[in-house]
Amino acid sequence: MDRNLPKNYDPKTFEDRIYKTWEDSKCFMPETKGGKEHFTIVMPPPNITGQLHMGHAMDASLQDVLVRFKRMQGYDTLWLPGTDHASIATEVKVVEKIKKETGKTKEEIGREEFLKQAWAWKEEYGNRITMQQRKMGSSCDWSRERFTMDEGCNEAVKEHFVNLYNKGLIYKGARLINWCPVCKSALSDIEVEHEDVRGKYYYFRYPGEDGSEGIVVATSRPETMFGDVAVAVNPEDERYKDLVGKNVMLPLVGRVMPVVADPYPDMTKGTGAVKITPNADPNDFEVGQRQGLGMIEFMAEDGTMLDVAGKYAGMDRYECRKAWVKDLEEAGYLVKTEDMTIPTGTCYRCHNAVEPRISEQWFVKMKPLAEPAIEAVRKGETVFVPDRYDKIYYHWMEDIKDWCISRQLWWGHRIPAYYCQDCGEMIVAKESPSVCPKCGCTHFDQDEDVLDTWFSSALWPFSTLGWPEKTKDLKTYYPTSVLVTGYDIIFFWVARMIFSGIECMGEVPFKHVLIHGLVRDSQGRKMSKSLGNGIDPLEVIDVYGADALRFMLLSGIAPGSDIRYQDEKVQAARNFGNKLWNASRFVIMNLYDKDGEALPIADAKSAALKTEDRWMIQTISDAVSDITANMDRFELALAAAKIYDLIWSNYCDWYIEFTKSRFYGENEEDKETARFVLLSCLKDLLKMLHPFMPFITEEIWGHLPKTEGEKDMIILESWPEVSAQDFSEDVKAVELSMDMIKAVRNIRSEVGVAPAKKIKAIVIADPGFEEAAKKGEDYLVSLAGLESLSFAKSKDELPSDVKSAALPGVEVFVPMDELVDYKEELAKLQKDRDQLSKNVASQEAKLANENFVSRAPENVVQAERDKLANYQDMLEKTVARIAEVEKKL
RNA sequence: GGUCGUUUAGCUCAGUUGGUUAGAGCACCUGCCUUACAAGCAGGGGGUCAUAAGUUCGAGUCUUAUAACGACCACCA
């Protein structure tokens, strides 16, 4: 019976199976391992627009590491998953799909049918996303899965909306808003992206009404001239003093408008005169208000020109611009053009130019909400990690404008405002009213618009826990512990959750915000559809396994900064998995005999620990305390690097090698001890790696024999503890042995000794180092390919031809009966001597510095003294050896 | 225009409160299919930590300036 692991590490053979085991055993649910303290993460809900990308994979990996770590630490841990309806983004996709399949527009199929299709989309893509989350190994509680448009979230949105309205914090009004003529909806300020577009400034003459020259103004958008209501100049501007109060005419059209004096125009820019189009520019809007100018609507919602544009009516905005400019030029009104890059606002979904437009919309009054939210972060109730991101938060929150929340879309939360069909009275309420309080009629129309998708996301940390109901979950898990998300949605989401949480719950929604960067392609470019450089996490998982992808995304990154995806990095992580797999095979191989019968294993009491055992135990114990501290500070990449090194360098490269000679030997008792240490250390390592690579650690764990108190599944195990014993003397001894082994290997390699050839080595240890050096005898023999190791008191006992290496406290010699190139050795020794002299000199200088000796902490000074002694010692030995070698030449 | 970030080996990047001879992976060179692992083992080469000044006993790490690159924010006709 073979109890060992299969020969090859093949993640595909167990990852899905293990995930199913976890899920079936309900161990993702907090109740199964309830601690007293709670740890909660609500998952940033992925949009149902498509499938998961690398950004989601990183997001999920980070959260899962934290959740698994805290779960192992004994917290009552909840990770609550869900998806986002992503109003505008999804609507665009569904419109496209319908167009492609039926050729129809959404208007043609109607609201009801459209929503049916959208829900079908949600079903398909929502499920795909949760399947992908499972592939990643996310240990979230699927029984609590939510959707931003499910019943509970609907309830929360309505409750919140009505509350804010009743408090006067939501209002409806006509304002200049950002309008996307392609999506045909209003957008909030942050949904507008600024792009520099190559374009032109056109300088046009607006002739005087009286036939005078008039005034020259510049514009980058000539089509907006149909909405002009005035030309403004600065009151200080001498050039135009006489014109103020007079009228000019819109060229070709002849419409008359006044020249007004207003502080807004900058005399140093353009001609100093500005056309005022309140309907197309926020500044112009303000000037219009100040000057009481009124406004003219000139563009339709779809970006085509209205009747006011005369013969250009019905043309698309850009088409009109072309024709209009041409006509003006021919008529002699175009003074000049300049090539310029024009800062242009574009829609963050469709990237078409946004048109500012006066429109009646719903707004959230932001100042009263922002103030306590700023204060909360200042007081440290919510902490950004890394902390520099709080600046971004403050910057935005302190200069916040009212939030336009209505969207002219169908997919989303419909605004809970009802209009009386008879008298038009508006009632804001969670449900449609039965009687109009004003006219008594009973027929109402609900507001046609839906809410900004972020309005519901803003409630996510508590709507998912049951709010506005006072549920047990809400009481237990709010506020949540950590929010993990990318820096790209600090405004959209993080800030809004904070002020909404304070408003609705009276408390910030999370204690920490762990910010991560973007996953870029191997050349550092953003992954995007248009570039076609996106990498599908599922394909990576298919080749290398989820553990490898996770480990790659979690290691080698600086907090909050971007990471490049590179196949080689995933490969390296997979290789690490393979290393661990094989090390585990070695361990298991030594736990059972040929027939699969368990061999005796010592326990903590009976084990007769040897130096190397104590070294390994101590090294792991030190790492536990280090790594735990790193995890607590969210330094996950540092923790990952330490575990990697601990497993590969310490456990595999050294400890396993140390045990081999013991297993080949005859001392059964010693084998029992070796089995014990090998196994218990492997278990600790698996536990520490588990949050990062959950599948492989679980699979290996399943093959290891358990002692009493140990769980069947590693996911339910406890985080390792720091050992109470102090084995630091053994650590020093083993490290000395390692140096000696390396020295001999180095000599072998330099001289070119065949790997299979056993050689002799002699060690001379300084007083105080003899014992430590003797402890390493066995290791040297087995790991440096020695036939024998002997200890000498002085150099007189050495053969004449030796190669040597000087180490702190000891000097290692290898007799060179055959081929030795003394010239080469001399060169090497001289190089060593020069380096050592430098080191000695720099140490001496350091210690000669009275300031250092008196001011630096005692342990630091002592460390420097020790260092000097070591260097002096090594230098002496090297110099002596040089003299010897020189004699031979 | 404002804010922030980055600059460390050929490449991609770590480097915690300043404290051993600055690290890793990949790539490169040499030698090994040694019964856990060639997705591996052993050994090796390669860095004046962007530049300049400063603080300090001590700077990759702190301060200031400069340069290059990048991100975000911003109402400029």
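Scope of the values below: all heavy atoms of this structure, side chains included, with no hydrogens, waters or symmetry mates. Throughout, a chain's letter reflects where its sequence line sits, starting with A, and its residues are numbered from 1. Since the structure is predicted, the reported quantities are computational estimates derived from the model, not experimental observations.
Classification of the A/Tyr389-A/Tyr487 ring pair by plane angle, with boundaries at 30° and 60°, yields parallel. The aromatic rings of A/Phe551 and A/Tyr644 lie parallel to each other, with less than 30° between the two planes, well short of the 60° mark. Ring geometry for A/Phe658 against A/Tyr655 counts as perpendicular: the plane angle is over 60°, on a 0 to 90° scale with 30° as the lower cut.
Among the nucleotides B/rC26, B/rA36, B/rG40, the one closest to the side chain of A/Trp648 is B/rG40. Here B/rA36 is the nucleotide among B/rC26, B/rA71, B/rA36 with the atom lying nearest to any side-chain atom of A/Lys579. Checking B/rA14, B/rA39, B/rG25 against every side-chain atom of A/Ala572, the shortest atom distance belongs to B/rG25. The nucleotide whose nearest atom lies closest to any side-chain atom of A/Arg745 is, among B/rA14, B/rA71, B/rA42, B/rA42. Distance from the side chain of A/Arg633 is smallest for B/rU16 among the nucleotides B/rU16, B/rG43, B/rA36. Looking at the side chain of A/Tyr487, the nearest of the listed nucleotides B/rC26, B/rU16, B/rA71 is B/rA71. The side chain of A/Asn746 sits closest to B/rG43 out of B/rA36, B/rA39, B/rG43. Comparing B/rA36, B/rG44, B/rC41 by their closest approach to the side chain of A/Phe586 singles out B/rA36.
When the P atom is used for both B/rG44 and B/rU61, the distance is 29 Å, rounded to whole Å. Nucleotides B/rU64 and B/rG45 place their C1' atoms 38 Å apart, quoted to the nearest Å.
Across all strands shown, B/rG60 forms no Watson-Crick or G-U wobble pair with both distances under 3.5 Å. Taking a pair to require two hydrogen-bonding distances under 3.5 Å in either a Watson-Crick or a G-U wobble arrangement, B/rC41 pairs with B/rG31. In this structure, B/rA22 makes no Watson-Crick or G-U wobble pair, since no nucleotide meets both defining distances under 3.5 angstrom. Nucleotide B/rA67 forms a pair with B/rU7, judged by Watson-Crick or G-U wobble geometry with both contacts under 3.5 Å. Across all strands shown, B/rC73 is found opposite B/rG1 as a Watson-Crick or G-U wobble partner, with both distances under 3.5 Å.
Residues passing the ring pair (Phe, Tyr, Trp, His ring centres under 6.0 Å) test with A/Phe285, sequence neighbours excluded: none.
Across all strands, A/Asp653 comes closer than 4.0 Å only to sugar-phosphate atoms, never to a base (heavy-atom distances). Among the atoms of the strands shown, only primed sugar atoms or phosphate atoms (P, OP1, OP2) are found under 4.0 Å from some heavy atom of A/Phe491. A/Val217 comes within contact range of no nucleotide atom at all, as no heavy-atom separation falls under 4.0 Å.
Residues from residues 634-644 of chain A that place a heavy atom under 4.0 Å from any atom of RNA chain B, listed by number: A/Glu635, A/Leu638, A/Lys642, A/Tyr644.
Contact between the side-chain N/O atoms of A/Lys7 and the OP1/OP2 oxygens of B/rC37 is found at a separation under 4.0 Å. Contact annotation: A/Asn575 side-chain N/O to B/rG40 OP1/OP2 distance is under 4.0 Å.
You'll find a donor-acceptor pair under 3.5 Å spanning the side chain of A/Lys660 and the base of B/rA36, going by distance alone. A donor-acceptor contact under 3.5 Å links the side chain of A/Arg574 to the base of B/rA39. Side-chain to base pairing of A/Glu657 with B/rA36: one donor and one acceptor N or O lie within less than 3.5 Å of each other.
Taking the ring centre of A/Phe586 as origin, the terminal cationic atom of A/Lys660 falls inside the region bounded by 6.0 Å and 45° from the ring axis.
Ion pair A/Glu635/A/Arg633 flagged as a salt bridge, since at least one NZ, NE, NH1 or NH2 atom sits closer than 4.0 Å to an Asp/Glu carboxylate oxygen. Taking the charged nitrogens against the carboxylate oxygens, A/Lys401 and A/Asp189 have no contact shorter than 4.0 Å, which rules out a salt bridge.
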B/S/- contact track for nucleotides 1-11 of chain B, protein heavy atom under 4.0 Å: ---SS------
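Atom CG of A/Asn4 and atom P of B/rU35 are 16 Å apart (whole Å).
Taking the ring centroids of A/Tyr394 and A/Phe384, they lie at or beyond the 6.0 Å cut-off.
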